[in-house]
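When reading the values below, keep in mind they use all heavy atoms of this one structure, side chains included, and skip hydrogens, waters and symmetry mates. Note on naming: letters A, B, ... go to the chains in the order of the sequence lines (proteins, then strands), and numbering restarts at 1 for each one.
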Number of protein chains: 2
Amino acid sequence: MRKPTIKDVARRSRVSLKTVSRVINNEPGVLERTRARVQRAVAELDYQPDQSARSLRSAKSYALGLVYDNPNPYYVISLQSGVLSVCRETGYGLQIHPCNSTSPRLADELSALVRNARLAGLVLAPPMSERRELIEHLAAEKIAFVRILSAAEDPRDGYPCVFVDDRDAAYDITEHLIQLGHTRIGFLWGGESHRSSPERFKGYEAALKDYAIPLDKKLIVPGDYSFDDGFRGARKLFALKDRPTAIFGSNDEIAAGVLAAAKAGGMDVPWDLSIAGFEDSPFSKQSWPALTTAKQATEEIARHATLLLLASLERSDDAPHGNKGFSPQLVIRDSTARVRVPPSGN
Amino acid sequence: MRKPTIKDVARRSRVSLKTVSRVINNEPGVLERTRARVQRAVAELDYQPDQSARSLRSAKSYALGLVYDNPNPYYVISLQSGVLSVCRETGYGLQIHPCNSTSPRLADELSALVRNARLAGLVLAPPMSERRELIEHLAAEKIAFVRILSAAEDPRDGYPCVFVDDRDAAYDITEHLIQLGHTRIGFLWGGESHRSSPERFKGYEAALKDYAIPLDKKLIVPGDYSFDDGFRGARKLFALKDRPTAIFGSNDEIAAGVLAAAKAGGMDVPWDLSIAGFEDSPFSKQSWPALTTAKQATEEIARHATLLLLASLERSDDAPHGNKGFSPQLVIRDSTARVRVPPSGN
DNA sequence: ATTTTTGTTGACAACGTTGTCATGCATTTG
DNA sequence: CAAATGCATGACAACGTTGTCAACAAAAAT
């Protein structure tokens, strides 16, 4: 009982190989009667076309690659499940490819991957999606891709992308804190290597400016998107003479670190300190108190990106269509509250 | 500048196609001189064999499938990275396949997946690895697989597996609580669908028995491996007349729920209540206080399982070799402490 | 009635690789 | 010295599919 081939289907439905091929590829020019007969045979034999043979012959392929370099499991899983959901619907396979975004050989690694595993295209998550020379290398090799990137607007650079307006959302978070009466708001940076990091900072900066709150450099701490940097950064801020009454961590993990530092320092959140994160990871719901944050619809974003990639695969005109922007939404939970001691000025 | 093929290599090194094939597959019976000449040509052309053609012709394949149904991103990511690390070393690709373990059509779905994407074999994570009829279906279809399962010892059922002794580790955790003076220890179950759940319960049960502590059914709450069930279960226990002084959640997520419930109820952990989890997810380090738990070396386990699968692929004798057991290790952090009010008896 | 067009189908080669078997040469054996 | 063996290599077919092009019938245009 070996695997049925197109030959078996052809024999059973009394047509040629080619006609079967036409039916399973939904090509036009087959009589409805014939099509139905073939489809019945396909169903009866439980025939499934062989991907290797298919892609060998047609030089097309039926697998996508998902390229990321992100230590955050929640983010990665959401990414995967968004891409996968589209793959399931369209019959594509998915190869995941975590990698090191700082590797100088990344461009070669990716083109080897695509050629070698015959991938139809790549979904590039940040920060790979932000490396200009990588993008151009891929484009030069005629490798199809779509980018997910952090930007306030469509870069209009001719390559397809889905962009997420982190700046806007960071503005909302900062504004939320300001409206609670906070004026000394600490900001903990994410990594240098992700463009989302400066974007979020810009949002923070802009909100302060709009509310005429002077930017105090001592309240701004560099660091990475990690719990430990959140912890350390918070400690640094706590040691200040004039402590912040609120801290905005560039992502939930940083915020979790701040939360831990606050508790270690005997503070009562949110009364002694308001804390906000970014991302809406499950962690933010499950910490105590639950974190105010910005909800990124990562799965939805990944879905859209994948759809976009597939669309660009179909049509060979290379003008990108359907680039789309997303805006994370403010989610107010229990880690932010009205400032307790209003600034002496009021 | 199209992709070089085996033909180009053959032409360049002045040998036949077949000899090149022999070289790239490391087959014996090629003169060292010839081999070197071919290898030089391969390097010069940057030739990479085409996987589609390879697997089409040889019916072998160069991709594995990872099958799981687990809502826990930390676990899944560790699993993936363990399997991937072996794939990288051996040149295999990886297709991930999250699925619904309760689907009745799962067996068909998996065999279709394997045939369709020409997978060389499957790594089955719990709970798929525990479904007897699924295992037998796959074996009957001659699909290679390896199981990761929760069991105290090698099942010796003729199919390859890596087993994790959850019972033993749960014993250790319970013992740790007992040695801190706790005698009323709540137990929150994980899901019905994972065998790890009863295994962990057995460990709890056995430790109580060994220390002659009567098992109080009111302290045992059913539920799933989720934060919400941890939260609800804890509330239920708190409502008891004779409250537990410690709670053992079947995984870290449950324990996180307990922690949240304790804080919501104004308790001070660990002084008012000791809490232990299971898994050593990053969450357990980052919560406040950090959770006492059992560290599962998931990545290492996945690595070993993959290696085992690959080994069983090489040799066709079907006696499984190298089945291996792992034992999670107790990790004591800050969420467990000596009981404050010793039982009246002492 | 004949030619052209349109629509449906099939024969055949090709994709890049590996398995089978044959070839030729050098070495050992009787 | 002839025959048998071993070793390195190559010719060729095959894997399952799709692209190209030709064949044919029916319908439409002349």
Side-chain angles (χ1 to χ4, degrees), chain A residues 2-39 41-42 45-63 91 93 112 114-120 316, chain B residues 2-39 41-42 45-63 91 93 112 114-120 316:
Chain A
R2 52 169 236 309
K3 182 175 170 179
T5 76
I6 201 171
K7 264 186 185 166
D8 303 313
V9 178
R11 211 170 6 244
R12 188 172 185 110
S13 48
R14 325 261 218 83
V15 294
S16 71
L17 297 186
K18 183 63 222 200
T19 301
V20 178
S21 171
R22 277 191 265 261
V23 171
I24 60 185
N25 289 294
N26 263 313
E27 286 171 33
V30 180
L31 228 49
E32 208 41 63
R33 270 170 27 77
T34 318
R35 187 180 295 273
R37 206 164 72 238
V38 172
Q39 272 160 348
V42 166
L45 294 173
D46 186 28
Y47 164 75
Q48 308 226 201
D50 182 297
Q51 300 298 358
S52 309
R54 236 144 118 94
S55 60
L56 171 59
R57 177 58 232 221
S58 63
K60 282 177 206 156
S61 106
Y62 302 89
V114 170
R115 287 197 327 191
N116 191 43
R118 275 194 190 264
L119 300 181
S316 44
Chain B
R2 53 169 233 309
K3 183 174 169 178
T5 77
I6 201 172
K7 264 187 185 165
D8 302 314
V9 179
R11 209 169 8 242
R12 189 174 185 108
S13 49
R14 324 258 220 86
V15 293
S16 70
L17 297 185
K18 183 64 222 201
T19 300
V20 177
S21 171
R22 276 191 265 261
V23 172
I24 59 185
N25 289 294
N26 262 313
E27 286 171 33
V30 180
L31 228 49
E32 209 40 62
R33 270 170 27 78
T34 319
R35 187 180 296 274
R37 205 164 73 238
V38 172
Q39 272 161 348
V42 166
L45 293 172
D46 185 28
Y47 164 75
Q48 309 227 200
D50 182 298
Q51 300 298 358
S52 308
R54 234 142 117 96
S55 60
L56 170 59
R57 176 59 234 219
S58 64
K60 281 177 208 155
S61 103
Y62 301 89
V114 169
R115 288 195 327 189
N116 189 43
R118 277 196 190 263
L119 300 181
S316 45

Work out how much the helix from C:dA1-D:dT30 to C:dG30-D:dC1 bends between its end axes, five pairs an end, to the nearest 10 degrees.
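Overall, the helix from C:dA1-D:dT30 to C:dG30-D:dC1 bends by 50° from one end axis to the other.
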
Tell me whether [X] contacts the main-chain N or O of [Y] through its side chain, where contact means a donor paired with an acceptor under 3.5 Å.
| X | Y | result |
| --- | --- | --- |
| A:Ser13 | A:Val9 | yes |
| A:Asn25 | A:Glu27 | no |
| A:Ser58 | A:Arg54 | yes |

Could you tell me if B:Ser52 and A:Arg118 have a donor-acceptor pair between their side chains, going purely by distance under 3.5 Å?
yes

With sugar-phosphate meaning primed atoms plus P, OP1 and OP2, does B:Leu56 contact a base, only sugar-phosphate, or nothing at under 4.0 Å between heavy atoms?
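The answer is base, as B:Leu56 lies within the cut-off (heavy atoms under 4.0 Å) of a base atom.
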
What's B:Thr34 touching, base or sugar-phosphate or nothing? Going by heavy atoms closer than 4.0 Å.
sugar-phosphate

Using a cut-off of strictly less than 4.0 Å, decide whether A:Thr19 has a side-chain nitrogen or oxygen near OP1 or OP2 of C:dT9.
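Looking at the OP1 and OP2 atoms of C:dT9, neither is under 4.0 Å from any side-chain N or O of A:Thr19.
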
So if I apply the salt bridge (Lys or Arg N to Asp or Glu O under 4.0 Å) rule between A:Asp50 and each of A:Lys3, A:Arg57, A:Lys7, which one comes out positive?
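Of all the options given, the one that passes is A:Lys3.
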
Starting at the 5' end of DNA chain D and moving along, which residue's nearest nucleotide shows up first, A:Val20 or B:Arg14?
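With A:Val20 and B:Arg14 compared, the 5'-side residue is B:Arg14.
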
Under 4.0 Å from a heavy atom of chain B: give me the 5'-most and 3'-most nucleotides of DNA chain D that qualify.
D:dA8 to D:dG16

Do A:Arg22 and A:Thr19 come within less than 4.5 Å of each other through their side chains, counting heavy atoms only?
yes

Quick check: on DNA chain C, is the nucleotide nearest B:Glu27 upstream (toward 5') of the one nearest B:Ser52, or the reverse? Name the residue that is more 5'.
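Residue closer to the 5' terminus by nearest nucleotide: B:Ser52.
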
